[in-house]
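Report on the following structure.
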2 protein chains.
Amino acid sequence: MEENADQLSRAEAEEYATWFKVLSDPTRLQIVSLLARRHGPMTVNEVVAASGVGQPTVSHHLRLLSEVRFVVVEPQGTTRLYRINERWLNCFPMAADIVMGNRPAPDTSGCS
Amino acid sequence: MEENADQLSRAEAEEYATWFKVLSDPTRLQIVSLLARRHGPMTVNEVVAASGVGQPTVSHHLRLLSEVRFVVVEPQGTTRLYRINERWLNCFPMAADIVMGNRPAPDTSGCS
DNA sequence: TATCTTTATAGACGTCTATCTATTTGTCCA
DNA sequence: TGGACAAATAGATAGACGTCTATAAAGATA
């Protein structure tokens with residue numbers, strides 16, 4: 001195992017914080033989860049139907065998610081296909097596990 | 001590898017979101033990083049000296065961190081010793097890696 | 001008991017954010 | 001060209017949050 005770096009700089013802290021912030025809203029987590037488990041593109045309306053919030057709200061969340069490259073968008077005629085950025089899944093293993101349901105029962109039991 | 005669960009429930013989404021939310025503030029991330037890399041207890045004043053924000057603000061952040069069990073506190077006379085909850089480090093591998101500096105250079109290069 | 005030190009709490013303030021309704025933009029098709 | 005549909009944007013609102021100053025609580029010590 002490697003050893004600690006000196007310190008977490010303010011700049012680094014701010015960058016990582018923005019990543020965590022994007023995942024800090026339940027609705028946004030559910031949207032990410034939807035896209036991640038589908039392993040395929042979804043339209044905005046499909047996400048709306050599955051998320052329980054309005055269409056502008058979904059658009060807003062998808063914009064935030066794409067700004068940090070958690071999702072990518074591909075226009076297709078009058079619709080836009082959103083899908084998980086698969087490369088990101090490798091860079092965010094724990095978040096990916098939780099969101100994709102690959103973390104059996106995130107044993108909070110041992111974490112108290 | 002295991003297969004996807006059906007869906008991320010609202011309840012699960014809300015719980016995970018609270019975890020990420022605690023890590024979504026740069027100051028709080030730096031505090032966690034401090035405690036994690038020290039591998040030992042720190043007083044509030046030591047954290048204040050290293051964090052750049054005021055003492056009440058540090059107390060506030062430490063309270064939030066302990067509410068989700070990321071840190072634990074042990075009163076010692078007139079002071080209180082805060083330390084990382086080591087058990088939590090196992091439950092949050094990626095966050096732990098980032099915060100402890102064990103993630104060499106979280107290669108954002110491949111994540112765009 | 002009086003005082004000093006350490007930490008927590010109360011309250012205020014400015015900023016950010018999640019959501020909604022209403023509207024606009026953009027694309028397809030008859 | 002005109003209508004229909006999909007998605008984005010604008011604007012508003014209510015609530016949450018990070019930080020500060022000021023104060024209180026709690027323990028040690030003389």
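Just so we're on the same page: letters track the sequence lines, and every chain starts at 1.
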Taking atom CZ of F70(B) and atom OH of Y82(B), what is their separation to the nearest 0.5 Å?
-> 16.0 Å
Please tell me which of G54(A) and K21(A) maps to the more 5' nucleotide of DNA chain C, matching each residue to the nucleotide holding its nearest heavy atom.
-> K21(A)
Looking only at heavy atoms, the pair that brings N85(A) and R69(A) closest together is ND2-O, 3.0 Å
Between E46(B) and G77(A), which has a closest nucleotide on DNA chain C that is more 5'?
-> E46(B)
Atom CD of Q55(B) and atom C1' of dA22(D) are separated, to the nearest Å, by 12 Å
Segment of DNA chain C, first to last nucleotide, that comes within the 4.0 Å heavy-atom reach of chain A = dT17(C) to dC28(C)
Which part of the nucleic acid, if any, lies within contact of H61(B), taking any heavy atom under 4.0 Å across all strands shown: a base, the sugar-phosphate backbone alone, or nothing?
-> sugar-phosphate
Nearest 0.5 Å, what's the CG-NE2 distance between L65(B) and H60(B)?
-> 10.0 Å
Taken to the nearest whole Å, CZ/R80(A) to P/dA7(D) is 9 Å
Checking side-chain hydrogen bond (donor to acceptor under 3.5 Å, both in side chains) for the pair T27(A)/R10(B): CA distance, chi angles, key distance, verdict?
-> CA-CA 8 Å; T27(A) 300; R10(B) 185 68 186 183; 3.2 Å; yes
How far does CZ of R83(B) sit from CZ of R38(B), to the nearest 0.5 angstrom?
-> 14.5 Å
For the pair made of CD in Q76(B) and P in dA26(D), what is the distance, rounded to whole Å?
-> 19 Å
Using a cut-off of 4.0 Å on non-hydrogen atoms, how would the nucleic acid contact of P56(A) be classed: base, sugar-phosphate, or nothing?
-> base
Distance test, side-chain N/O of T79(A) to OP1/OP2 of dA7(D), below 4.0 Å | yes
